[in-house]
There are 2 protein chains.
Amino acid sequence: MGDVFKALADPTRRAILDELQERTGQTLFELCTRLITKHGLTSSRQAVSQHLDVLEAAGLVRTRREGRYKFHDLDTSPLRTITDRWRL
Amino acid sequence: MGDVFKALADPTRRAILDELQERTGQTLFELCTRLITKHGLTSSRQAVSQHLDVLEAAGLVRTRREGRYKFHDLDTSPLRTITDRWRL
DNA sequence: TTGTCATGCAAGTGGGTACTTGCGTATCGT
DNA sequence: ACGATACGCAAGTACCCACTTGCATGACAA
């Protein structure tokens, strides 16, 4: 599962994880606005959407769909692969 | 220091960290041969050298020079930035 | 239904990066 | 000194990846 490391390689994706940790269950637009206002990022909607796909493929983000909304939840358990690998 | 995440993004660099954890203080040629024989990698000397530069810039590898030999030691302390960031 | 909102899909583009290639430098043994 | 060893530097290449662009789909409100 090298996907976890690839997912963490991008600063925008790390900011997304930070945001979801502070407030889980955000939609795509919520994340976009908060990334701009609170993290100083200028990512477009499509860019954030693709980042979320990468994070979900890595198992770091889980999604649940309700109507036309899609909520995103943080899952830090894949990070255990890092701590286990080099004994932290 | 996003350099730590970038350094971990490459599978060859992660294998180098594994090797240095198992046997610290290896030279460039030692690493090359053991990466090929034990990890099934086919990286050239220059490739491994450049990977070591990246790892050293990230603070994950420290070097000490003795004559014409350069020994490489593992330092996992920068990985604390990951565990501290998302509370593991 | 009509319009709007929230999201998804896919091809194209630009910049970054891993790797090669070739030469150069310093150290050690003989 | 001479050759061999261990490593460094720098330009070129090919590939990957983040981002854009444009259109499409599904859900809710009026």
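Below, chain A is the first sequence line, B the second, and so on; all start at residue 1. Below, each value reflects all heavy atoms present in this structure, side chains not excepted, and no hydrogens, waters or symmetry copies.
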Find the distance [X]:[atom1] to [N]:[atom2] and express it as a whole number of Å.
X	N	atom1	atom2	result
B:Ile36	C:dC19	CD1	C1'	14 Å
B:Tyr69	D:dC7	OH	C1'	12 Å
A:Phe29	D:dA27	CZ	P	17 Å
B:Phe5	D:dC17	CZ	C1'	19 Å
A:Asp53	D:dA18	CG	C1'	13 Å
B:Leu52	D:dC9	CG	P	13 Å
A:His72	C:dA6	NE2	C1'	10 Å
A:Gln46	D:dG22	CD	C1'	9 Å

State which of [options] makes the closest approach to the side chain of [X].
X	options	answer
A:Leu28	C:dT7, C:dT21, D:dC19	C:dT7
A:Ser49	C:dC19, C:dG8, C:dA6	C:dG8
B:Arg68	C:dG8, D:dA11, D:dA6	D:dA6
A:Ser44	D:dT20, C:dT17, C:dT7	D:dT20
B:Asp10	C:dG22, D:dC7, C:dA18	C:dA18
B:Arg65	D:dG8, C:dT7, C:dA11	D:dG8
B:Thr27	D:dA18, D:dC7, C:dT17	D:dC7
B:Ala47	C:dC19, D:dG22, C:dT7	C:dC19

Would you say that [X] contacts [Y] through its side chain, given a criterion of any heavy-atom pair below 4.5 Å between the two side chains?
X	Y	answer
A:Leu31	A:Leu20	yes
B:Phe71	B:Thr24	no
A:His72	A:Lys70	yes
B:Val54	B:Asp10	no
B:Val61	B:Leu17	yes

If the cut-off is 4.0 Å, is [X] near the phosphate of [N], judged by side-chain N/O to OP1 or OP2?
X	N	answer
A:Lys70	C:dA6	no
A:His51	D:dC17	no
B:Arg13	C:dA18	yes

Single hit among A:Leu79, A:Leu52, A:Asp75, A:Thr76 for side-chain contact (heavy atoms from CB on, under 4.5 Å) with A:Leu60
A:Leu79
Please state whether the base of C:dT20 and the side chain of B:Gln50 form at least one donor-acceptor pair under 3.5 Å?
yes
Does any N or O donor sit under 3.5 Å from an N or O acceptor when you compare the side chain of B:Glu66 with the base of C:dT27?
no
